[in-house]
Amino acid sequence: MVFTNAEIDETIQMFRSQKLDIRTITMGISLRDCASASGAQSRQKIYDKICRYAENLVSVGEAISLEYGIPIINKRIAVTPIAMVAEASSDKSYVAFAHTLDAAARQTGVNFLGGFSALVQKGYTRGDRILIRSIPQALAETERVCASVNVASTQAGINMDAVRQMGFVVKALAGRTASTQGLGCAKLVVFANSVEDNPFMAGAYHGPGEGEVVINVGLSGPGVIKSALENLEKAPFDTVAETIKRTAFKITRMGELVAREASRRLNVPFGIIDLSLAPTPAVGDSVARILQEMGLERVGAPGSTAALALLNDAVKKGGIMASSHVGGLSGAFIPVTEDEGMVEAVQSGGLSLEKLEAMTCVCSVGLDMIAVPGDTPAQTLSGLIADEAAIGVINHKTTAVRVIPVPGMKAGDWVEFGGLLGGGPVMPVSTLSSKAFIDRGGRIPAPVHSFKN
Amino acid sequence: MDAIVTVVGKDRVGIIAGVTQALSASGVNILSISQTILEEYFTMIMKVDIGHLSVDRKTLNARLEAEGGQLGVQITLIHEEVLKAMHRI
């Protein structure tokens, strides 16, 4: 097969200078058959099953990366929400289950394992209650385990009891990990409309509707999209959208190649490809800079929401054309500390939490990696969660909150989490009280699904 | 198993000799070569067969890296399947 020099060069530059990578190969593993009346027996089954299925995950990922010359950054595991598995036991705390998951993650060599989770959009079971209560200690004592709680859905409405509780859970977790600036909170996501096949952490879990075991691949490449737009100064938005779509198509095709190869070598069915523009703190790997490339001085300028809407939609369209199984979150993430362009916008005073909230109406997830003052009341965090959940529920999309109330820090202080989590300024949060609102509890009913005006 | 090797850098004596020597020493069969000089920049694109390597891929990559460093050029080896996935439907 003959390729033009331009095609070859385009691909090489994507890898060499634009930081295109397979962000994660995530193996989803069902643990439903690991339930047992004995907690200890259940944990043994969980450990054995994860280690058996994922034994070769890391080595196969590395081999594919080497052979094809494609960077594959992370190998990860997602499991059935642990509340569903552990509640068959009479255990009163699931912290021991988190330790088992952590041990399995170490044994298989993956850097994160998601699924210390509960789905409580409509109500709690006994296991859901125990799991959520266990989260602060479980995440403080483990390294690689990620937790998520789904508190709302378009079909079920918003579980305000869970929204209230998660505000306190986030605070407690920050307190328990105070020595690392509340870093534990980076491993906890509160969702509305969570998806069952998301390969990205910290929100990955293997949904109850998934099969026994599956390979999902998440790919990223904000730098590639930004570069594609660099030659389009003054071009109309039709051209911008078309260019993003074409570029998303190309990189998703590359992801599909890796996913199919991983699936074949591991003898595990291929699930989905998730093309999500997931920034890292590295220069050239920023979603904010794509929006700037469209003509905004910085993110936060009026027009930011429209720019993000275009980006998110065009990425989805290109991805959907490129693979027959697109899933997960597929779109653009807008975390703050993980994106140097977002950090710069916050520092300049041009990007507020309120503008970010508006942008989450059209991004692929929600308020992500945002450091807030350590003395933010739990009910205020719950208020943020409730607002995000409402946006997700009404707009039929996934939304999430991953905020870090940094112990001892005030708005404007600089917090450094290190590595892929980056660092940034602590953002001010409204000091108006949400306490009486959040303390009501109960459920906000599911929205009407017709009369859409 | 076909791959594309690209070599880009400032022109000097011995680039082709150095690169092809590194390839042949690793069992890489060269199928075609196209090479130009644009201003003073050397650009070469080779189609190669890496199906019968005499060394493992890690060693091949390391040799190309070392050779590139010595010659002051950037050598990239990319699997044909990747290009096919991206540029052909």
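Every chain is numbered from 1 and lettered A, B, ... according to where its sequence line falls, protein lines coming before strand lines. Scope of the values below: all heavy atoms of this structure, side chains included, with no hydrogens, waters or symmetry mates.
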Nearest-0.5 Å distance that lies between atom CG in A:N5 and atom OG1 in B:T43: 8.0 Å

Separation of B:I45 CD1 from A:I12 CD1 (nearest 0.5 Å): 7.5 Å

Heavy-atom neighbours of B:I89 CD1 exceed 12 at 6.0 Å: no

Contact origin within A:I8 toward chain B - heavy atom pairs under 4.5 Å: both

B:Q35, CD: over 12 other non-hydrogen atoms inside 6.0 angstrom: yes

Region of B:T76 that comes under 4.5 Å of a non-hydrogen atom in chain A: both

Residues A:E62, B:K58; criterion salt bridge (charged side-chain N to carboxylate O under 4.0 Å, His left out); working and verdict: CA-CA 11 Å; A:E62 282 166 3; B:K58 234 179 206 157; over 6 Å; no

Residue part contacting chain A, namely of B:L83, when any heavy atom lies under 4.5 Å: both

Straight-line distance of A:R253 CZ to B:H87 NE2, nearest 0.5 Å: 11.0 Å

Distance, nearest 0.5 Å, that separates CE of B:M86 from CD1 of A:I251: 7.5 Å

Residue B:I50 versus chain A: region with a heavy atom under 4.5 Å: neither

Crowding at CD, A:E233 (>12 non-hydrogen neighbours, <6.0 Å): no

Best-contacting candidate, A:E10, A:M254, A:E67, A:M14, against chain B by heavy atom pairs under 4.5 angstrom: A:E67

Atom pair OG1/CG of B:T6 and A:D9 - distance to nearest 0.5 Å: 8.0 Å

Within-4.5 Å side-chain heavy-atom neighbours: B:Q74 and A:R16: yes

Euclidean distance, B:I78 CD1 relative to A:F3 CZ, rounded to 0.5 Å: 9.5 Å

